[in-house]
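This report concerns only the one structure given below.
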There are 2 protein chains.
Amino acid sequence: MPVSPLFRPIDVAPAYQKVADAIEREIVNGRIKPGDPIGTEHDLVRQFGVNRSTIREGIRVLEEGGLISRDSSRRLHACLPRYSKLASRLSRALVLHEVTFRELYEASMTLEVASVEGAVKSATEENLAELTDNLVRSEAVVGNPAALAECDAEFHVLVAKASQNRVLQLAREPAAQLFYPTTEMIVTGVAEGGPRLVAAHGHLIDAIRRRDREAGVLWTRRHLQDWRRGFEKIASLDRSVEHVYMEHAQAARRR
Amino acid sequence: MPVSPLFRPIDVAPAYQKVADAIEREIVNGRIKPGDPIGTEHDLVRQFGVNRSTIREGIRVLEEGGLISRDSSRRLHACLPRYSKLASRLSRALVLHEVTFRELYEASMTLEVASVEGAVKSATEENLAELTDNLVRSEAVVGNPAALAECDAEFHVLVAKASQNRVLQLAREPAAQLFYPTTEMIVTGVAEGGPRLVAAHGHLIDAIRRRDREAGVLWTRRHLQDWRRGFEKIASLDRSVEHVYMEHAQAARRR
DNA sequence: ACTCTAACTTTGTCGGACAAAGGGACGGAA
DNA sequence: TTCCGTCCCTTTGTCCGACAAAGTTAGAGT
């Protein structure tokens, strides 16, 4: 028969984990706000009553999670986790899970269409200015695949931003980090790829400005189908994403 | 004038970071496969030629990133990052960014509909069996809000799994981790909420089995609109997600 | 008030140490 | 021979103390 619950389960966890959890709690529940200083390692040693090595292990955990970081003088402070850094963790995981380009393509078809729909509904003048600026820069580098691919990635980040939906912004980022690097390969291999890409961006901006949902969705679909056609000229959609693409994500994380 | 590029930039990073990067590279590019042992801390001390404290800090970074973990005997081995753990990082970030329930709702409307469409197209018999099993368990706890909310969360994970699209699975998880805990509050406060939820699940399984895309989309929309109506009885959609919901995510992470 | 320097702090790394827990080997019992 | 218990070794988590490099602060001098 079950004994009466005289004792609560004891929280048994390594000290460094408890340190990390304690600091995380204070940040997540808002008692420590982003930007607030955390104190020196020595402070934490005194407060938690554990050794500095233990504190440092706890700090590493939080740092990797993006909850705290070190400023120019290496002092600790809480901070807002950055989407691109978090997303690169996810990209890495997707690579390890050996997802296929088909999965990437189909998920992106959903996520990018939703982004554009959001942008059509909610884009501000500032968003449109950013997008237009991006378009101008894209046109200038249409013959340079690496630079154009980078512009393309930025363009879609800006579209997602224009949707004013941060959940969507975050949800699309991991796939995008793996998806858009291939753009470089495609516009390198397919001559008309660059101009088509830039033209599609132009139509998309236009649709967003005119708040024309139909057109936005249509051009997003076309844009992605272009990608697909280009990609299928160089590889099968059922190939899994390989580690080479991670180099982009890693570079983005450090940036 | 620019000097000729005689020297490459020196990679200046803390030793623990280099240790983490080196191990990460081996895992991501496949030379160390998930499940492979990493060796003891002492081994790594010898291989990298740095102090054990330094090795340990590097290990914490990788552990937090989900790339390595310790088995029952605390030995290190590479592993496939788990979606729920990664997603809880993202949920945490969303809370810190103070996203609103409206953002969560609108993003989920997209993500869950896409999941169901994928499930309608690709669900296997095994997927259907899992879903049906979940339904049976849900019916058994329809009067218990906490247990029902848990079943609901699991149901939608299973639907995403049935889509066979791991990118989508991962993309929807962060929003879901914040979204579904509210279910408990809703079915507690709204008497007919529980039965309606279970009924919707039943219709969804039916649609997936019949490969009826229209019905799948319809019932997903209804299901989410039910959530919305229920939620608006207890709070505004424009309220931001608060830290209390993180407790669920934290519990899920440790599980 | 401004600048330059010297003293102090903080971080990153190192070396060694020890208790607790687990794994493995060895020997004895069934 | 196979099973089981004990002893030893390894590994991890934690602690202590130390030091160089880089940054910060305070104070002296102009």
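Below, chains carry the letters A, B, ... as their sequence lines are ordered, and counting in each starts from 1.
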With under 30° as parallel and over 60° as perpendicular, where do the rings of His201(B) and His156(B) fit, or are they tilted in between?
perpendicular

Residue set satisfying side chain to side chain donor-acceptor pair (under 3.5 Å) with Arg75(A), at least two apart, ordered chain then number -> none

Using 4.0 Å as the upper bound for N to carboxylate O, is an ion pair formed by Arg166(A) and Glu98(B)?
no

To the nearest Å, how far apart are Ile55(A) CD1 and dG13(D) C1'?
14 Å

Does the protein touch nucleotides 9-22 of chain C at the base, only the backbone, or not at all? Give it as B, S and - per nucleotide, heavy atoms under 4.0 Å.
-SBBBBB-B---SS

Would you check if the distance from the ring center of His97(B) to the ring center of Tyr83(A) is below 6.0 Å?
yes

Sequence neighbours left out, what passes side-chain contact (heavy atoms from CB on, under 4.5 Å) with Arg137(B)? Give chain and number order.
Asp133(B), Asn134(B), Cys151(B), Glu154(B)

Return the value, rounded to whole Å, for the distance between atom CG of Asp71(B) and atom C1' of dT11(D).
12 Å

